[in-house]
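Following: one structure in structure tokens, then a few remarks.
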Amino acid sequence: MDFQNRVGSKPGSGGVAGHSEGNVDRRERLRKLALETIDLAKDPYFMKNHLGSYECKLCLTLHTNEGSYLAHTQGKKHQTNLARRAARDARDTNYAGPSMMAASSFGGAGAGTGANAPLMAPKVKKVAIKIGRPGYKVTKVRDSVTGQLGLLFQIHYPQIAADAGKPRQRFMSAYEQRIEAPSRHFQYLLVAAEPYETIAFKVQSLEIDRSEGRFWTYWDPDSKQFHMQFFFKGDRGSGVAPAPASSAASTAAAAPPPSSSLVAAGGP
């Protein structure tokens with residue numbers, strides 16, 4: 001800074017800098033120091049907003065230029081928040097809680113608390129890389145005895161993970177999803193298997209018949225195919241045929257019903 005040519009100063013001597021001049025000089029020195037040690041391209045807390053100014057995502061502060069942000073990173077507030085974040089990350093990583101043991105039949109407390117308790121490793125969320133959607137085939141079926149309508153799903157998972165086991169499935173209400181406008185007339189069947197994307201089939205919102213032989217799933221580990229079949233209950237799926245079939249195979253697939261009776265959607 002130029003400490004000469006100040007009001008009241010003598011030629012050849014530096015005047016006493018005021019509080020504002022000292023702050024300007026300090027910020028300039030911090031900016032130059034930060035330019036040598038900080039790469040803004042690798043700073044996770046540096047962000048440029050839509051207004052052209054800069055923000056510190058750690059301290060929630062707003063800056064007009066990069067120099068102001070760099071000076072802020074050398075300040076007490078930013079350094080304190082960095083230390084708090086590092087301490088919290090270390091605590092979350094090394095967290096271990098004592099295991100709770102059940103009380104004995106005599107009412108005594110368990111011996112699994114305190115310094116001798118075994119440590120529990122923190123749960124790490126598994127992140128899987130999705131490789132796309134599996135191939136599938138949906139067939140409409142009708143029971144030859146009761147006339148119930150149903151659906152048969154055949155899904156192929158040729159590259160399923162070795163530790164994934166059997167594909168998982170569940171029914172989801174239309175009000176649980178956020179992709180389409182919810183409708184009480186439909187529900188969704190979800191089928192998931194690593195590393196494939198979860199697929200959903202849109203079916204009618206009728207009660208599923210889960211009695212024996214009416215709802216079944218089968219996973220073929222050799223052909224890597226998942227089979228699932230179910231029948232609907234309700235006024236559109238519980239009628240009795242005029243003449244009962246003599247065959248014992250009551251769940252055999254018959255001719256498909258009219259296209260307006262069932263709706264199935266999903267897949268790639």
Side-chain angles (χ1 to χ4, degrees), residues 126 128 130-161 163-268:
K126 182 180 178 181
K130 303 298 183 180
I131 63 174
R133 300 175 183 174
Y136 65 88
K137 179 182 179 181
V138 183
T139 306
K140 298 178 182 179
V141 297
R142 184 196 299 270
D143 189 274
S144 59
V145 176
T146 63
Q148 287 178 274
L149 304 177
L151 292 172
L152 171 63
F153 297 88
Q154 297 171 280
I155 309 174
H156 190 206
Y157 293 100
Q159 300 182 28
I160 189 172
D163 57 346
K166 178 182 176 181
R168 303 181 303 276
Q169 49 79 24
R170 80 175 184 94
F171 287 92
M172 181 181 70
S173 169
Y175 296 93
E176 296 182 53
Q177 53 88 28
R178 297 293 183 269
I179 305 300
E180 300 179 351
S183 173
R184 63 184 181 88
H185 301 291
F186 298 101
Q187 60 183 335
Y188 296 86
L189 170 64
L190 304 182
V191 184
E194 299 288 348
Y196 290 89
E197 296 180 5
T198 302
I199 58 176
F201 300 92
K202 186 176 181 181
V203 299
Q204 283 184 321
S205 184
L206 297 176
E207 185 180 358
I208 306 299
D209 189 354
R210 297 182 180 270
S211 59
E212 184 178 358
R214 319 303 292 170
F215 182 97
W216 57 266
T217 60
Y218 175 71
W219 166 245
D220 188 349
D222 296 328
S223 62
K224 303 296 182 63
Q225 286 192 359
F226 178 71
H227 304 264
M228 177 179 178
Q229 178 176 298
F230 61 85
F231 289 91
F232 293 104
K233 284 185 178 180
D235 56 349
R236 300 192 61 183
S238 59
V240 179
S246 58
S247 174
S250 61
T251 59
S259 59
S260 60
S261 61
L262 288 177
V263 178

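Here the structure is a predicted model, which means the values were calculated and not measured.
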Going from CD1 on Ile160 to CD1 on Ile131, what distance comes out if it is rounded to the nearest 0.5 angstrom?
9.5 Å
Rounding to 0.5 Å, atoms OG1 (Thr198) and NZ (Lys130) come to a distance of 5.0 Å
Pairing residues for Gln169 by the side chain to side chain contact (heavy atoms under 4.5 Å, CB included) criterion, not counting sequence neighbours
Leu189, Val191, Phe215, Thr217, Phe226, Met228
Could you check whether atom NZ of Lys137 has more than 12 heavy atoms from other residues, nucleotides or ligands sitting under 6.0 Å from it?
no
Note, Tyr188 side chain near Ile179 side chain (heavy atom, < 4.5 Å)
no
Exercise: identify the closest heavy-atom pair between Tyr175 and Pro182:
CD2-CB, 3.5 Å
Sorted by chain and number, sequence neighbours left out, side chain to side chain contact (heavy atoms under 4.5 Å, CB included) with Ala161 holds for Asp163, Ala164, Glu194, Pro195
To the nearest 0.5 angstrom, please state how far the CD atom of Gln154 sits from the CG atom of Asp220.
11.0 Å
For His156, the side chain to side chain contact (heavy atoms under 4.5 Å, CB included) test, sequence neighbours excluded, returns Pro158, Lys224, Gln225
Checking Tyr157 now: which residues fulfil side-chain hydrogen bond (donor to acceptor under 3.5 Å, both in side chains) with it, not counting sequence neighbours?
none
Let me confirm one number: the OH-CD distance from Tyr218 to Gln229, rounded to the nearest 0.5 Å.
15.0 Å
So does Leu206 get a backbone contact from the side chain of Gln187, meaning a donor-acceptor N/O pair under 3.5 Å?
yes
Not counting sequence neighbours, which residues clear side-chain hydrogen bond (donor to acceptor under 3.5 Å, both in side chains) with Glu176? List them please.
Arg170
Which atom names give the shortest non-hydrogen contact between Trp219 and Lys166, and what distance separates them?
CB-CG, 3.8 Å
If you look only at pairs with a residue in residues 180-189, which of them pass as a salt bridge (charged side-chain N to carboxylate O under 4.0 Å, His left out), with sequence neighbours excluded?
Glu180-Lys202
Results of ring pair (Phe, Tyr, Trp, His ring centres under 6.0 Å) for Phe230 - residues two or more places apart only:
Phe153, Phe171, Phe232
Just one of Val141, Ile208, Leu151 clears the side-chain contact (heavy atoms from CB on, under 4.5 Å) bar with Phe231, so which one?
Val141
